[in-house]
Amino acid sequence: MSHEKTHYQERNIFNRIFGGFLMRKAYELAWATACSYGGSRPYVVAVDDIMFQRPVEIGSLLFLSSQVCYTENNYVQIRVHSEVSDPITREHHTTNIFHFTYMSEKEMPQIVPQTYGPIW
């Protein structure tokens, strides 16, 4: 899990947070999750389509959480959920859901999902 306040220097031409910044943060968290789960250095092999569901305003609190959602042999799929919280109203809104597939040098402990919905 990761928490971060968004800053002005990460803005795009529309004065919202640049999508590439969000993608990088999600990628870094997914990599750390795959590494800690698999016990070896993972290599990204696939990134699912990314749709930005909601813009992220400057000054918002950005929450990223990740989970292992599927493994097969030495492949692992990581789901990263991105949401923002307005510090004034305390409302939470999903901005993105990312899916990354990594390959590891070691075989992964098996995980097969019962649901693709959030577990929290």
| said: For Glu72, give me all partners under salt bridge (charged side-chain N to carboxylate O under 4.0 Å, His left out), at least two apart in sequence or on another chain. | reply: none
| request: Kindly write out the residues that satisfy salt bridge (charged side-chain N to carboxylate O under 4.0 Å, His left out) with Arg24, not counting sequence neighbours, or none if the list is empty. | output: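 Partners of Arg24 under the salt bridge (charged side-chain N to carboxylate O under 4.0 Å, His left out) test: Glu28.
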Would you find a donor on one side and an acceptor on the other, under 3.5 Å apart, between the side chain of [X] and the backbone of [Y]?
X      : Y      : result
Thr71  : Pro109 : yes
Lys106 : Gly38  : no
Asn74  : Ser104 : yes

| request: Identify the residue among Asn96, Ile97, Thr94 that makes a side chain to side chain contact (heavy atoms under 4.5 Å, CB included) with Ser82. | output: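 Single side chain to side chain contact (heavy atoms under 4.5 Å, CB included) partner of Ser82 among Asn96, Ile97, Thr94: Asn96.
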| query | Which residues satisfy the side-chain hydrogen bond (donor to acceptor under 3.5 Å, both in side chains) test with Thr33, sequence neighbours excluded? | reply |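 Once residues adjacent in sequence are excluded, the partners of Thr33 under the side-chain hydrogen bond (donor to acceptor under 3.5 Å, both in side chains) criterion are Ser66.
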| said: Once side-chain hydrogen bond (donor to acceptor under 3.5 Å, both in side chains) is applied, do any residues pair with Ser85, and if so which ones, sequence neighbours excluded? | reply: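 Ser85 satisfies side-chain hydrogen bond (donor to acceptor under 3.5 Å, both in side chains) with no residue once adjacent residues are dropped.
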Would you mind reporting whether [Y] and [X] have side-chain heavy atoms less than 4.5 Å apart?
X      : Y      : value
Ile50  : Met23  : yes
Met108 : Gln110 : no
Thr95  : Phe52  : no

| request: Return the set of residues passing ring pair (Phe, Tyr, Trp, His ring centres under 6.0 Å) with His92 (not counting sequence neighbours), or none when no residue passes. | output: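 So His92 forms a ring pair (Phe, Tyr, Trp, His ring centres under 6.0 Å) with Phe63.
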| said: Hydrophobic clusters here meaning ILVMFWY residues chained together by side-chain heavy-atom distances under 4.5 Å, can you tell me if Leu29 and Tyr43 are in one? | reply: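 Cluster IDs for Leu29 and Tyr43 differ.
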| note | Here the salt bridge (charged side-chain N to carboxylate O under 4.0 Å, His left out) pairs for residues 30-56, sequence neighbours left out, are none
Could you tell me which residues satisfy side chain to side chain contact (heavy atoms under 4.5 Å, CB included) with [X], sequence neighbours excluded, listed by chain and number?
X      : value
Thr101 : Val45, Ala46, Tyr75, Gln77
Thr89  : Asp86, Glu91
Tyr27  : Trp31, Val44, Phe100, Tyr102
Glu107 : Asn73

| Minimum heavy-atom separation for Ala26 to Leu64, with atom names? |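 Here Ala26 and Leu64 meet closest at N-CD1, 4.1 Å.
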| task | Considering non-hydrogen atoms only, spot the tightest contact between Ala30 and Val80 and give its length. | result |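 Looking at all heavy atoms of both residues, the closest pair is CB-CG2, 3.8 Å.
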